[in-house]
Amino acid sequence: MLSLRWRRLVLKVGSALISPTANGCSTRYLLSIARFISECRAKGIEVVLVSSGSVAAGKSAIAFSHQPLPINIKQAMAAVGQTDMMAAWKHLFDFRCAQILLTHDDLANRRRYLNIDNTLRTLLSNQILPIINENDTVATAELKVGDNDNLAAMVAILVDADALIICSDIDGLYTANPKTHVDATFIPLVEKITADIYAMAGASHHSIGTGGMVTKLQAAEKATKQGVDTLIINGQKAASFDCLLAGQATGTLFQRQQDRISAKKHWLFHSLKTAGSIVLDNGATNAVQQKGASLLAKGVMSCQGQFDKGDAVWLCNEAGEQLAKGISQYSAIELQLIKGQHSQDIERILGFCPSEVVVHRDDIALR
Ligand code: GLU
């Protein structure tokens, strides 16, 4: 069910829903999904869509029938189909959509990660629907996330989503494959993803119709560990979306393992090494500590260390006490030039302005 606590959702839609016959895009299942997205937005819930289907949508454009498809053929099909897939979504909405194509490398590189994060934040605050897919045309096997379930989990963590909803072609997780095991029972709630849970998917993994449950569990494990509730629902049934909107249970819910804010704080404090520090004036100290505000260049007195954009830094008060840890949008060299300046002057001083804030409030963890 759609929880009232959820303010931001990542919705993952697979190729089987976009291109059910693997030959071009179809609106067959997309209509109810698009209505769900529109209704969520009307309720004030932000949505990020992770959509597959570029290869399936572009298949018919290239005459090649041998299986498995070589990588260059798949990449060419994806290049054709990506625009068809975007067009299929676009004409179902009366608001603007944005295309974002990512590789694993983009998510692993901290500078690019920050740029993606900034772009997504800006799109969402302008009521634009981001539609994300893997950049199949440039991603070779080593650079690939590989499947959009895992990609969607990484995106959900990146955008601080409250929930990840994976639209599948079955109702959720069963104890075994329901198509081959008549005694398979449905599991509405998973409190923790254990080896036993993976074994249930393993049993049904190789059969058509439930294939891909393993990657869905991997995605759920990634997301729930970072405080994101994960739901696997049947995206082929309009009733699934009606249930969600009516606040009724549907699909399998994988419960978040911890609070999202504390997960992020934990990540900032314990996973990221600091590469320097920034000293804040009294006004900025108060704004960051008491009001949960972002740090602006105006409030920066000085900085120490050789940090780069995307590095973690300590935020200190004038007395040098460490107040918080945050991710800097600027390198130490850039910050030396813009400290104490108004945000609107950054462009003039540096010649570019990738961010109006030095440290975004979502990237600050107070001690
Ligand atoms: N990125 C691929 C596509 O759009 C699909 C990957 C997946 O379905 O997991 O065709």
Side-chain angles (χ1 to χ4, degrees), residues 10-30 33 48-62 64-65 67-90 92 97-108 116 129-158 164-170 201 205-206 208-223 230-236:
V10 171
L11 191 72
K12 187 263 169 178
V13 180
S15 304
L17 299 178
I18 288 149
S19 183
T21 56
N23 182 21
C25 295
S26 156
T27 49
R28 181 156 157 208
Y29 302 121
L30 301 199
I33 301 173
V48 174
L49 179 60
V50 174
S51 179
S52 310
S54 64
V55 176
K59 220 166 205 156
S60 59
I62 291 168
F64 197 96
S65 53
Q67 290 292 341
L69 298 172
I71 184 87
N72 63 312
I73 298 289
K74 263 200 203 160
Q75 288 177 316
M77 288 172 173
V80 176
Q82 178 63 26
T83 56
D84 295 349
M85 182 263 274
M86 282 300 295
W89 283 117
K90 252 187 97 169
L92 297 176
C97 302
Q99 167 179 277
I100 305 217
L101 298 174
L102 300 177
T103 64
H104 188 268
D105 231 24
D106 297 326
L107 293 163
I116 301 162
L129 174 72
I131 304 182
I132 301 178
N133 193 5
E134 183 141 36
N135 195 347
D136 294 307
T137 314
V138 301
T140 51
E142 315 80 70
L143 294 183
K144 265 178 135 4
V145 176
D147 66 88
N148 277 7
D149 295 319
N150 278 287
L151 179 72
M154 290 159 112
V155 167
I157 296 163
L158 169 75
L164 165 64
I165 301 179
I166 300 177
C167 300
S168 172
D169 57 358
I170 57 165
H205 182 51
H206 299 293
I208 298 159
T210 56
M213 190 49 87
V214 169
T215 56
K216 288 175 180 52
L217 290 181
Q218 289 167 347
E221 190 177 5
K222 266 198 189 83
T230 303
L231 204 55
I232 298 179
I233 62 164
N234 193 332
Q236 292 183 336

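Just follow the structure's listing: the first ligand is 1, and inside any ligand the first atom is 1. Predicted model, so just to flag it, every value in this text is computed and none were measured.
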**OP:** Over all heavy atoms of both residues, which pair between Ala78 and Asp136 is shortest? Give the atoms and the distance, please.
**Re:** CB-CB, 3.6 Å
Subject >> Heavy-atom pair with the smallest gap, counting every atom of Ala61 and Val80 >> reply: CB-CG1, 3.8 Å
**OP:** For Asp106, enumerate each residue passing the salt bridge (Lys or Arg N to Asp or Glu O under 4.0 Å) test, keeping only those at least two apart in sequence or located in another chain.
**Re:** Arg112
Original post:
Sequence neighbours excluded, which residues qualify as salt bridge (Lys or Arg N to Asp or Glu O under 4.0 Å) partners of Asp147?
Top reply: none
Original post:
Is there any salt bridge (Lys or Arg N to Asp or Glu O under 4.0 Å) pair reaching into residues 49-61, and which pairs are they, with sequence neighbours excluded?
Top reply: none
Subject >> Asn234 backbone acceptor or donor facing Ser168 side chain under 3.5 Å >> reply: no
Enumerate the pairs of nitrogen or oxygen atoms, one from ligand 1 and one from the protein, separated by less than 3.5 angstrom; state names and distance to 0.1 Å.
from     : atom 1 : to     : atom 2 : distance (Å)
ligand 1 : 1 (N)  : Asn133 : OD1    : 3.0
ligand 1 : 1 (N)  : Asp136 : OD1    : 3.4
ligand 1 : 1 (N)  : Asp136 : OD2    : 2.9
ligand 1 : 4 (O)  : Gly53  : N      : 3.0
ligand 1 : 4 (O)  : Ser54  : N      : 3.0
ligand 1 : 4 (O)  : Ser54  : OG     : 3.1
ligand 1 : 4 (O)  : Asn133 : OD1    : 3.4
ligand 1 : 4 (O)  : Asn133 : ND2    : 2.8
ligand 1 : 8 (O)  : Ser52  : OG     : 3.1
ligand 1 : 9 (O)  : Asn148 : N      : 2.7
ligand 1 : 10 (O) : Ser54  : N      : 3.3
ligand 1 : 10 (O) : Ser54  : OG     : 3.4
ligand 1 : 10 (O) : Val55  : N      : 3.1

